[in-house]
Protein chains: 2
Amino acid sequence: MKATVPITAVGLKAACAQCNLVELCLPFGMSDSELHRLDDLVGARRKIKRQQPLYRAGDPFEAIYAIRTGSFKTDVLLEDGREQVTGFQMTGEILGLDGISTELHSCNAVALEDSEVCVIAYDRLEELSREVEGLQHQFHKVMSREIVRDHGVMMLLGSMRAEERLAAFLLNMSQRFTARGFSAAEFHLRMTREEIGSYLGLKLETVSRAFSRFQDEGLVTVQQKHIRILDNAGLKKLIQHQQRAC
Amino acid sequence: MKATVPITAVGLKAACAQCNLVELCLPFGMSDSELHRLDDLVGARRKIKRQQPLYRAGDPFEAIYAIRTGSFKTDVLLEDGREQVTGFQMTGEILGLDGISTELHSCNAVALEDSEVCVIAYDRLEELSREVEGLQHQFHKVMSREIVRDHGVMMLLGSMRAEERLAAFLLNMSQRFTARGFSAAEFHLRMTREEIGSYLGLKLETVSRAFSRFQDEGLVTVQQKHIRILDNAGLKKLIQHQQRAC
DNA sequence: CGGACTGTTGAGGAACCTCAATAGGTGTGG
DNA sequence: CCACACCTATTGAGGTTCCTCAACAGTCCG
């Protein structure tokens, strides 16, 4: 019953110009002529099965990845078994930027569902972004956005209470689903309570209880991983502080 | 008695080739010929008095900054007055990367002591890094390092307990002082207990108590902001998990 | 259909926070 | 140079939030 195909099957070449994720992804804002030069850059696609790693901490860094379908989590594991989820990534988002600094990946990227990524060889990205101004600029923005996002998470972990954290998490998910053309009010979480908890610096029981309380208060409907937001404003009110990107 | 000079006095041009911080700063790893091209890039220096902001959240983004002397904190303020310190920066470190993504700064950078920075106009940095490969590469590494560092803080905030956080903080400071040629065992913290607490997701009283416990256990000597590490291994043991960069 | 994984709920405890009093340090102006 | 005010740090007592442990229910998958 063992699968004989390698987990990392190599697929067709990507074509950014034809991809409907352009607006969410690395090529955003680039001109048509610039866009076509990316076809040299974006190599093969790679399929990753649910629960399988795209890369692991310590792996040599060679490429960054744009998510074509599916979703991922990134995490850091500690010697004593503790796990810190550092992010959840959806289609169009870029994985692997952590590897540039030491030329080794510093965290694990694991598929939350069967997924597919576009492989972007890093040396070629540097090469091309020396020639294509729009690519260079957009790449820098992507990295900067990751920094800003991380600051937001630090804010969440450092200064907010359990219910505020979960509310912020739900609103963030809702917003990202919206950007991808899905419903803002109703969606399916791909991660477990434990993974949400790890991301939010909470135990899974605390996440579960917070969900239940939100449901009792009529803010959301929760059925396992299926979430329906009933009172968006109510959730926003929970996080008093203006919800900036940072 | 009021100072008549503007807070942001413009000084001499920087000269990376002559600067003793080269190994810690943006030009790291660049060849001599590449290095000299930076003189075009690094514009004026700017002095910032203690407690004064280098930039604020919402300011238009135009430049990044390399710290020449002194130190800074970056933070995000919430509507209700809560502050989250997102980092402490020392000489040679780069400030302002958060601004690239939206072309507005997303946090505040405040001097912890009288400081001086090199101003690096961002559009010229992009321009020059299209021509100077070493600059491009090093700039990307700097951004990536920031992401990895942020993941480390998320780990700290999400998975560690008060004493572990403070131990990790002290070891990190010690290591950074060492890299700058100062003593690893004895140093002067530039930030208050409240700022440390904000950074570590703790209240200032908790930080103070943890310091006292460390002192009782013979790990450190604490006199206000003056720290002496007596038992480095003991601190390391406190954070069970291997202390990786991430 | 059975087993494993995932999620919910309860009871009790630990870690950290809040409030408060006090001491120590720093800087300014008389 | 001292006195005062203000800021910073320490310490204690009591409270709250979240964690731990545990039992059980629901769901998914072979």
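The structure presented is a predicted model; accordingly, all values stated were derived computationally and were not measured. So that the names make sense, note that chain A is the first sequence line, chain B the second, and so on, each numbered from 1.
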* Under the ring-ring contact (aromatic ring centres under 6.0 Å, His included) criterion, do F187(A) and F182(A) qualify, and how do the steps go? -> CA-CA 8 Å; F187(A) 47 82; F182(A) 298 108; over 10 Å; no

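Counted within 6.0 Å of CD on E194(B), heavy atoms from surrounding residues, nucleotides or ligands total 12 or fewer; the atom is thus considered open.
Base contact: R209(B) has a heavy atom under 4.0 Å from a base atom. Residue contacts for S208(B): at a heavy-atom cut-off of 4.0 Å it reaches a base atom on one of the strands shown. Among the protein residues, G197(B) comes within range of no part of the nucleic acid, since none of its heavy atoms lies under 4.0 Å from any strand.
Distance check: Q215(B) CD to I227(B) CD1 gives 8.5 Å after rounding to the nearest 0.5 Å.
A residue-by-residue look at E205(A) and R165(A) shows that R165(A) has its nearest nucleotide of DNA chain D further toward the 5' end. Toward the 5' end of DNA chain C, the nearer of the two residues R50(B) and G201(B), judged by each one's closest nucleotide, is G201(B).
Between dT10(D) and S212(B), no contact under 4.0 Å exists linking OP1 or OP2 to a side-chain N or O. At least one side-chain nitrogen or oxygen of K225(B) sits closer than 4.0 Å to the OP1 or OP2 atom of dA9(D). Under 4.0 angstrom from either OP1 or OP2 of dC19(D) there lies at least one side-chain N or O belonging to T206(A).
Here dG7(C) is the nucleotide among dG7(C), dC19(D), dT10(D) with the atom lying nearest to any side-chain atom of R193(A).
Atoms CZ (R213(B)) and C1' (dT11(D)) sit 12 Å apart, rounded to a whole Å. Rounded to whole Å, atom P of dT26(C) lies 15 Å from atom CD of E113(B). Regarding L204(A), its CG atom lies at a distance of 9 Å from the C1' atom of dT6(C), rounded to whole Å. As a whole-Å value, the separation of K203(A) NZ from dG12(C) P is 22 Å. One atom, CG of L202(B), and another, P of dA9(D), lie 15 Å apart when rounded to the nearest Å. Rounded to an integer number of Å, the gap from CG of L157(B) to C1' of dC16(C) is 14 Å. In this entry the distance linking CD of Q51(B) with P of dC6(D) reads 17 Å, nearest Å. Between the CG atom of L189(A) and the P atom of dC28(D) there is a distance of 14 Å, rounded to whole Å.
Remark: side-chain polar atoms of R82(A) are not paired, donor with acceptor, to backbone N or O of M155(B) under 3.5 angstrom.
Between R50(A) and D114(A) there is no salt bridge, since no side-chain N of the basic residue sits under 4.0 Å from a carboxylate O of the acidic one.
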